[in-house]
Amino acid sequence: MLEIQQLRNDLNAVTEALAKRGYTFPVSAFNALEAERKTIQTKTQDLQAQRNAASKKIGHAKSKGEDVTAIMAEVTQFGDELKQAEIQLEQVQQQLQKILLEIPNLPHASVPQGKDETANVQIRDWGTPRTFAFAIKDHVTIGEALGLLDFETAAKLSGARFSVMKGGLARLHRALAQFMLDTHTQQHGYVETYAPYLVNADSLRGTGQLPKFAEDLFTVRAGGNATNDDTNPPFYLIPTAEVPITNMVRDEIVSLQALPLKYVAHTPCFRSEAGSYGRDTRGLIRQHQFDKVELVHLVHPDQSYDALEELVGHAEKILQLLELPYRVMALCTGDMGFSAAKTYDIEVWLPAQNTYREISSCSNCEAFQARRMQARFRNENGKPTLLHSLNGSGLAVGRTLVAVLENYQNSDGSVTIPKVLRTYMNGLDKIESNTEKQNE
RNA sequence: GGAGAGAUGGCCGAGUGGUCGAAGGCGCUCCCCUGCUAAGGGAGUAUAGGCUCAAAAAGCUUAUCGAGGGUUCGAAUCCCUCUCUCUCCGCCA
C-alpha cells in the first residue's frame, strides 16, 4: 500500500511511476473521492465536536443539579445529520481504501524499465553448464525410469499438477530442504521458524495477495462443507511462507535493537495456478503443492537495499554449494510482483530445457507490506516507524530437485548425488533404479 | 465438546454512564542535588487521522480501553455478536 499523503501531494509522479509497470492509476476517480472525503470529513468532525461540547455541558449542569432540557434539545436537532455524515464518510473512506489496496508498489529508481520478461537484465552468472556425451533426458523421464516419480498416482489421489515421490527421490527432496535450512541457520544467521500453513485473510492482505489475487489461492473451511456466510470465514492455504512469516510482525512495534530480523522457514506452498493452464503442464515445475525454503528480512529502512543484496547472495550460495549453474536477473518494471519495489530472480540451468528457469525470487518490498500490516519499529528518536520487508526463496525445493536430476544425470539412468547432500543421504552417492529397496 | 474467568497505554494495574486519552506504579527521557556510585527531588512520556498553512512551527479538531454492532445528549463502563487468552472436565496427535 502506498502512503495516501504521497498521492495527495504528488499524484503525477506516482501515476508516472505506476505507468512504468503497466498500471493505470484511476486519477479522476481518486480525485473525486478525495474531494468528497475532505468535505464530508470536515463536516463530520465539526458536528462531532459540537456534540462532544454539548454533552460535556450536560454533564457539568447535571452535576450541579441544573436543568438540561434546553441543551438536550439542541443536540437532538443535529443528531440525524451527524449520523448521516458518519455513514457517508465511512463509505467514501472504504472506496478510497479499496483503491489504495489495489495499487502495486512503486518501482525503485534502479529497476530497469520494460514491459515484460524480455526486458529483464542479467546481473551476473555463475558456473558453466555441463556438456553431455549422451542423449539427455528431462527430470520426468529420469524420475519415472527410476520408478521413484509418479504423476499418474498423484492424479488419482488429487488431480493434475500433483506428484508422488518415493524412496531415494523423496529422500533427496527432504535432503535438499534440510541442507538449505542448515546452511541458512548455521552460516547466514537466520532464525529457523515453524508457522501455520493455514492463515486468515488479514495476513494475506498484509503481504498483498488479497484483495487482488484471490483466484490464485486455495481456501479451506472447518467442517468440510462449504458455506459462504461471514460467521464462518475461510482459512487460506499459504501460497508461500512469506505470508505467515512476514505477518508475524503485523500490528507490532519491535525495538531498534532487535533489527534486523532474519527468518527462514521450510513449508509447503499451495497455488491454484489459475491463468497458467497449459503452461509447464509436464513435470514438477509448476505444481499446486510444492515445498520451498523461504527467507524473510525485516529491517531498518536505511538498510533494506543492502539487505536485498545479502539475501540474493544467501540464495545463490545454495546453488554454488550444489554446483548448479545459474544467472541472476534484475526484473524490469513490467515483470515485477505486486508488492515489490525491486526484485532479483535467480534462474538455474536446466539442460533438458536448454535454458535457465526461475528457482528463486528475491524482493525488497520497502514499506509497502509494512504499511498494510502496521509493522513498525521504534527508531533512534523513539518514534514508531514502518519497517522494510524483504523475502526470497532460498530455494524452491521442487525446482531444485529438478535441477539436480537433470544436471547430475548419468548415461545409465542413475543420478549422482551432489557432494554436500551425501551426509543427508546416509552417505549414498548415487540414486539408481533399485535404490528404493536399498533404502528401506 | 461442557463449565467458568478474563482482554485497559512500552509493561503492571485502577476505573460499572458525564470535566476519562484514562488514577497509581514500573520503565524510559530531561533537569536539580551528590566528589563518583547508590539514594533523593522536579518535569515529561500513546497511536493514527483531518483542517488552517506554500512549507515548517504552531494551533484547532476527530477517532482509538480485544474486534464489530446497538442503547444514550454522552460508553472503558450497559446490551448483542465474534475473536483470542487462562482454569477445570472430556476427547485427541
Side-chain angles (χ1 to χ4, degrees), chain A residues 1-12 30 33-97 99-101 194-206 221-223 227-236 244 247-259 367 370-387:
Chain A
M1 194 161 71
L2 304 179
E3 208 180 348
I4 189 145
Q5 317 285 4
Q6 201 180 358
L7 295 173
R8 292 189 187 129
N9 299 336
D10 208 1
L11 190 57
N12 285 340
F30 175 78
L33 271 175
E34 248 303 284
E36 204 182 341
R37 186 226 96 223
K38 193 164 166 172
T39 314
I40 297 169
Q41 183 163 5
T42 310
K43 180 182 170 188
T44 306
Q45 294 191 351
D46 224 56
L47 290 170
Q48 283 171 331
Q50 279 183 59
R51 182 206 56 200
N52 290 347
S55 295
K56 216 166 243 188
K57 253 195 275 177
I58 293 171
H60 279 282
K62 270 201 168 172
S63 66
K64 290 181 205 151
E66 293 167 9
D67 180 54
V68 293
T69 45
I71 320 171
M72 297 265 276
E74 186 194 317
V75 184
T76 316
Q77 263 184 358
F78 61 79
D80 279 349
E81 199 184 352
L82 174 59
K83 197 155 257 178
Q84 283 263 321
E86 279 175 339
I87 291 167
Q88 230 180 331
L89 179 63
E90 176 64 22
Q91 283 172 351
V92 172
Q93 294 206 304
Q94 267 178 22
Q95 288 176 62
L96 275 170
Q97 186 70 0
I99 292 180
L100 277 178
L101 283 172
Y194 174 83
Y197 303 157
L198 298 177
V199 297
N200 57 33
D202 282 341
S203 293
L204 288 151
R205 238 186 316 274
R221 281 175 199 278
T227 49
N228 252 329
D229 61 294
D230 288 345
T231 58
N232 182 22
F235 286 114
Y236 294 81
N247 272 281
M248 290 197 299
V249 293
R250 170 152 54 85
D251 296 319
E252 298 287 333
I253 301 175
V254 303
S255 72
L256 184 62
Q257 295 79 9
L259 300 180
R371 192 169 293 114
R372 291 168 162 253
M373 291 189 297
Q374 283 303 298
R376 297 175 292 175
F377 71 104
R378 230 167 253 289
N379 73 8
E380 297 77 352
N381 304 316
K383 260 251 162 292
T385 309
L386 293 172
L387 288 161

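Here is how names work: the chains are called A, B, and so on, in the same order as the sequence lines, proteins then strands, and each is numbered from 1.
- In this structure, the CG atom of A/Asp202 is 13 Å from the C1' atom of B/C82, given to the nearest Å.
- When rounded to the nearest whole Å, the span between CG of A/Leu82 and C1' of B/C73 equals 11 Å.
- Using a 4.0 Å heavy-atom criterion, one finds that A/Gln5 contacts the sugar-phosphate atoms exclusively.
- Atom C1' of nucleotide B/A63 and atom CD1 of A/Ile40 are separated by 17 Å, given to the nearest angstrom.
- For A/Met72, whose side chain is taken as the heavy atoms from C-beta onward, the closest listed nucleotide among B/U52, B/G49, B/C73 is B/C73.
- The phosphate of B/C51 (OP1 or OP2) has a side-chain N or O of A/Arg37 nearer than 4.0 angstrom.
- The separation between A/Gln94 atom CD and B/G68 atom C1' is 12 Å, rounded to whole Å.
- Rounding to whole angstrom units, CZ of residue A/Arg378 and C1' of B/G9 are separated by 10 Å.
- When distances are taken from the side chain of A/Ala49 to each of B/U61, B/C73, B/C51, the shortest belongs to B/U61.
- One can place CD1 of A/Ile58 at 18 Å from P of B/G17, the figure rounded to the nearest angstrom.
- A sub-4.0 Å separation between OP1 or OP2 of B/U61 and a side-chain N or O of A/Asn52 is absent.
- Across all strands shown, nothing is found opposite B/C53 as a Watson-Crick or G-U wobble partner with both distances under 3.5 Å.
- In the set B/U62, B/U52, B/C73, the nucleotide with an atom closest to the side chain of A/Val75 is B/C73.
- Between the side chain of A/Gln45 and the base of B/G49, a donor-acceptor pair under 3.5 Å is found.
- Comparing B/C65 with B/C78, their P atoms are spaced 14 Å from each other, to the whole Å.
- Put simply, CD on A/Gln50 is 15 Å from C1' on B/G74, counting in whole angstrom units.
- Between A/Lys43 and A/Asp46, no side-chain nitrogen of the basic residue sits less than 4.0 Å from a carboxylate oxygen of the acidic one, so the salt-bridge criterion is not met.
- Under 3.5 Å, the side chain of A/Lys62 and the base of B/G18 form at least one donor-acceptor pair of N or O atoms.
- Counting to the nearest Å, the P atom of B/A75 and the CZ atom of A/Arg51 are 6 Å from each other.
- Within 4.0 Å of A/Lys38, counting heavy atoms only, lie sugar-phosphate atoms of the nucleic acid but no base atom.
- When the nucleotides B/U47, B/C73, B/G49 are ranked by their closest atom to the side chain of A/Pro384, B/U47 comes out on top.
- In this structure, A/Glu86 does not pair ionically with A/Lys83, as no charged nitrogen and carboxylate oxygen lie closer than 4.0 Å.
- When side chains are defined from C-beta on, A/Asp202 does not count as touching A/Asn247, because their heavy atoms never get closer than 4.5 Å.
- Comparing B/U62, B/U71, B/G74 against the side chain of A/Ser55 picks out B/G74 as the nearest.
- Regarding contacts with the backbone of B/G10, every side-chain N or O of A/Arg376 stays at 4.0 angstrom or more from both OP1 and OP2.
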